[in-house]
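Structure, as structure tokens:
All values below come from the heavy atoms of this structure, side chains included, with hydrogens, waters and symmetry mates left out. The first residue in the sequence is number 1, and the count goes up from there. Since this is a predicted model, take the numbers as computed values, not measurements.
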Amino acid sequence: YMCKQPHQYFQNNFSGNITSNINILAGNIEKACYEISMHTIRGIIVWLGAMLAMYIVNPFFSVILLVWAVAFCLISLSFSKKIMRLSDKHAESEAQVFGVIGDAIANSQSMRVFTNANYERSYLATSLCDLKTCFKNKMRFELVLDVLQGISVTCLLTSMLYLLVRLRA
């Protein structure tokens, strides 16, 4: 891929940015395989076991669990689009910071000669502020999503407990 890029590509992109994107891609492939194999398969097996156990206790419990699981998945999928956008912005600003640092190190000799250290510092500070803003936005959104998912689990368990107590009475 890199060998096919024109010379203009390397002039418009920081060397650190290119390296960072390659490292992020390599790490994400391994992480995606791990997530799919460990969490998704295990989650499906546990969910099917829970559905069977709920059905044995009372068929209505399994219906509640099924409705909750479908609603939980649909809401999570709708939120995932925004999280992907926020993650992309965060990764871009992170790559920009790495590119600025890499270029500053590569150009350290020229900075000494032409004394552009203040400009380089302000340029790095701007990139770091952008990175911090993107990170805060992403983490704030993930916190809201985690709280909403936690509330939905609490509502599910509360309704199950209420129905169980009511059946026993």
Side-chain angles (χ1 to χ4, degrees), residues 1-2 4-5 9 12-14 16-102 125-169:
Y1 173 77
M2 296 303 292
K4 295 178 184 176
Q5 297 299 324
Y9 176 80
N12 293 340
N13 291 300
F14 295 119
N17 186 2
I18 296 169
T19 306
S20 177
N21 286 337
I22 292 170
N23 287 335
I24 288 171
L25 176 65
N28 285 342
I29 291 171
E30 180 184 343
K31 192 182 295 184
C33 291
Y34 175 77
E35 292 291 326
I36 289 171
S37 65
M38 295 300 290
H39 299 295
T40 306
I41 294 170
R42 185 181 344 163
I44 290 171
I45 291 170
V46 168
W47 184 74
L48 289 174
M51 286 292 291
L52 180 65
M54 294 283 185
Y55 187 79
I56 290 170
V57 172
N58 189 341
F60 189 62
F61 281 175
S62 63
V63 171
I64 290 174
L65 182 61
L66 179 65
V67 168
W68 173 83
V70 169
F72 186 87
C73 288
L74 290 176
I75 290 170
S76 296
L77 286 174
S78 68
F79 276 102
S80 70
K81 292 176 185 172
K82 175 140 183 172
I83 287 177
M84 286 185 347
R85 279 195 312 270
L86 291 172
S87 293
D88 287 343
K89 281 179 79 173
H90 178 253
E92 286 174 12
S93 58
E94 189 176 64
Q96 183 180 6
V97 168
F98 289 142
V100 169
I101 291 172
T126 304
S127 298
L128 286 172
C129 286
D130 291 344
L131 176 64
K132 183 177 92 172
T133 302
C134 290
F135 180 75
K136 283 171 53 177
N137 289 340
K138 184 182 90 159
M139 295 310 290
R140 187 177 297 128
F141 189 78
E142 286 181 6
L143 177 67
V144 168
L145 181 60
D146 287 344
V147 167
L148 289 176
Q149 288 176 337
I151 289 171
S152 74
V153 171
T154 303
C155 291
L156 172 72
L157 293 176
T158 303
S159 64
M160 293 284 185
L161 187 61
Y162 173 76
L163 288 173
L164 189 61
V165 167
R166 192 158 176 190
L167 285 173
R168 303 235 350 138

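Side chain of Ser87 to main chain of Met84: no donor-acceptor pair is present (N/O by atom type, distance under 3.5 Å, no hydrogens or angles). Side chain of Ser159 to backbone of Leu156: a donor-acceptor contact under 3.5 angstrom is found. A donor-acceptor pair is defined here as one N or O able to donate and one able to accept, closer than 3.5 Å; no such pair exists between the side chain of Ser76 and the backbone of Cys73.
Summarising the geometry of Thr158 relative to Thr154, their closest heavy-atom pair is OG1-O, 2.7 Å, with the distance given to 0.1 Å. Closest approach of Leu164 and Phe61 over heavy atoms only: N-CZ, 3.6 Å. For Ser152 against Trp68, the heavy-atom pair with the smallest separation is O-NE1, 3.2 Å.
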Between Met54 and Ile64, is a side-chain contact (heavy atoms from CB on, under 4.5 Å) present by the stated rule, with each step listed? CA-CA 9 Å; Met54 294 283 185; Ile64 290 174; over 6 Å; no

Show the numbers, then the answer: is there a side-chain contact (heavy atoms from CB on, under 4.5 Å) between Leu145 and Ile83? CA-CA 10 Å; Leu145 181 60; Ile83 287 177; 3.4 Å; yes

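The CD1 atom of Ile75 sits 12.5 Å away from the OG atom of Ser80 when rounded to the nearest 0.5 Å. Annotation: the span from Glu92 atom CD to Asp130 atom CG amounts to 11.5 Å, rounded to 0.5 Å. Put simply, NZ on Lys132 and CG on Asn137 are 11.5 Å apart, with the number rounded to the nearest 0.5 Å. Interatomic distance, Thr133 OG1 to Lys89 NZ, rounded to the nearest 0.5 Å: 9.0 Å.
Using a 4.5 Å heavy-atom threshold, the side chains of Glu142 and Leu86 count as separate. Side chains of Phe72 and Leu148 form no contact here, defined as non-hydrogen atoms less than 4.5 Å apart. A heavy-atom distance below 4.5 Å is not found between the side chains of Val144 and Phe79.
Exactly one residue among Leu65, Asn58, Val57 makes a side chain to side chain contact (heavy atoms under 4.5 Å, CB included) with Met160. That residue is Leu65.
Qualifying ring pair (Phe, Tyr, Trp, His ring centres under 6.0 Å) partners for Phe135, counting only residues two or more places apart in sequence or in other chains: His90.
Annotation for Phe141: atom CZ counts as buried by contact number, over 12 foreign heavy atoms lying within 6.0 Å.
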